[in-house]
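We count residues from 1, following the sequence as given.
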Amino acid sequence: MRSLESKNEDIHYHAVCAAGNWGLDAAWPHIGRLLASDSTDKSLRLAAIEAVANIRPGEAAEILLNLTQSDDEDFVEAAYEAMSMSGALTEEDFENDDYDDPDNKLLSFSS
């Protein structure tokens with residue numbers, strides 16, 4: 001947890017990755033702030049996208065769905081991949097384009 005506050009960019013990046021890999025719930029607020037800030041370094045934000053899906057997949061779905069509307073294709077791709085890895089989005093959804101569903105069917109899974 002202390003490494004998430006590191007001013008060293010490499011340590012901070014690896015701490016975010018580790019928090020996601022371990023599903024560290026206490027890291028949720030910090031990683032959420034990284035995602036919400038447009039000033040977050042791109043590589044750190046990409047790591048945060050993957051991490052939120054592993055920490056709280058149910059709550060992450062809405063955040064990730066919003067990121068699919070980004071102008072940055074890397075964020076869009078990472079968000080879809082994170083949703084797929086967490087179970088919020090399946091290969092069938094990709095094939096059928098169900099992720100554009102206005103009824104937010106993808107948000108109805110449990111964490």
Side-chain angles (χ1 to χ4, degrees):
M1 282 301 297
R2 286 183 285 161
S3 295
L4 287 171
E5 301 299 331
S6 177
K7 299 212 185 294
N8 180 304
E9 292 177 13
D10 289 332
I11 292 173
H12 191 196
Y13 172 84
H14 288 291
V16 169
C17 292
N21 289 339
W22 286 96
L24 188 60
D25 192 65
W28 175 258
H30 178 83
I31 294 173
R33 286 190 299 273
L34 293 174
L35 286 176
S37 174
D38 290 332
S39 65
T40 301
D41 175 75
K42 185 173 182 172
S43 62
L44 187 59
R45 204 167 187 199
L46 289 169
I49 289 170
E50 184 176 331
V52 296
N54 292 327
I55 295 172
R56 291 188 189 173
E59 292 178 46
E62 186 173 356
I63 295 167
L64 294 170
L65 205 55
N66 287 337
L67 283 168
T68 65
Q69 304 304 309
S70 173
D71 292 333
D72 188 312
E73 283 299 313
D74 292 333
F75 293 146
V76 172
E77 185 177 322
Y80 281 128
E81 185 175 328
M83 286 190 292
S84 178
M85 297 290 284
S86 70
L89 194 64
T90 66
E91 285 297 320
E92 185 177 301
D93 294 324
F94 278 113
E95 292 169 7
N96 297 326
D97 291 336
D98 288 344
Y99 49 82
D100 290 329
D101 180 35
D103 295 328
N104 292 322
K105 291 188 291 186
L106 299 176
L107 299 179
S108 64
F109 68 97
S110 60
S111 53

For this session: Go through the structure and list residues passing side chain to side chain donor-acceptor pair (under 3.5 Å) with N66, not counting sequence neighbours.
Result: none
Problem set entry | Pairwise distance CG(N54) to SG(C17) - rounded to 0.5 angstrom | 10.5 Å
Problem set entry | Residue pair I31 / A51: nearest heavy atoms and the distance that separates them | CD1-CB, 3.8 Å
Problem set entry | Partner residues of D10 under the salt bridge (Lys or Arg N to Asp or Glu O under 4.0 Å) criterion, sequence neighbours left out | none
For this session: Measure the spacing between CD of E62 and CG of L67 and express it to the nearest 0.5 Å.
Result: 11.0 Å
Exercise. What are the two closest heavy atoms between I11 and S3, and how far apart are they?
Worked result: CG2-CB, 3.9 Å
Seminar exercise, completed: Heavy-atom closest pair (A82 atom, I49 atom, distance to 0.1 Å) is CB-O, 3.8 Å
Problem set entry | Note, L64 side chain near Y80 side chain (heavy atom, < 4.5 Å) | no
For this session: Scan for ring pair (Phe, Tyr, Trp, His ring centres under 6.0 Å) pairs involving residues 37-61, sequence neighbours excluded, and state none if there are none.
Result: none
Seminar exercise, completed: Quick note, ring pair (Phe, Tyr, Trp, His ring centres under 6.0 Å) partners involving residues 39-69, not counting sequence neighbours, are none
For this session: Name all residues meeting the side chain to side chain donor-acceptor pair (under 3.5 Å) criterion together with K7; count only those two or more places apart in sequence or in a different chain, and write none if there are none.
Result: none
Problem set entry | Test salt bridge (Lys or Arg N to Asp or Glu O under 4.0 Å) applied to D72 - qualifying residues, sequence neighbours left out | K42
Exercise. Please, which pairs that meet ring pair (Phe, Tyr, Trp, His ring centres under 6.0 Å) have at least one residue in residues 32-54, sequence neighbours excluded?
Worked result: none
Problem set entry | Shortest non-hydrogen contact from I63 toward L35 | CG2-CD1, 3.8 Å
Exercise. Can you list every side-chain hydrogen bond (donor to acceptor under 3.5 Å, both in side chains) pair that touches residues 13-25, not counting sequence neighbours?
Worked result: D25-R56
For this session: Indicate the atoms forming the closest heavy-atom contact of V76 with S70, along with that distance.
Result: CG2-O, 3.4 Å
Problem set entry | Residue list, salt bridge (Lys or Arg N to Asp or Glu O under 4.0 Å) with D71, at least two apart or on another chain | none
Problem set entry | Closest non-hydrogen atom pair between V52 and A60, with its separation | O-CB, 3.4 Å
Exercise. Got a second to check how far D41's CG is from E9's CD, nearest 0.5 Å?
Worked result: 6.0 Å
For this session: Determine whether M83 and T68 make a side-chain contact, defined as any pair of heavy atoms from C-beta on separated by less than 4.5 Å.
Result: yes
Problem set entry | Residues that E5 engages under side chain to side chain donor-acceptor pair (under 3.5 Å), provided they are two or more places apart | H30
Problem set entry | T40: side chain to side chain donor-acceptor pair (under 3.5 Å) partners, not counting sequence neighbours | none
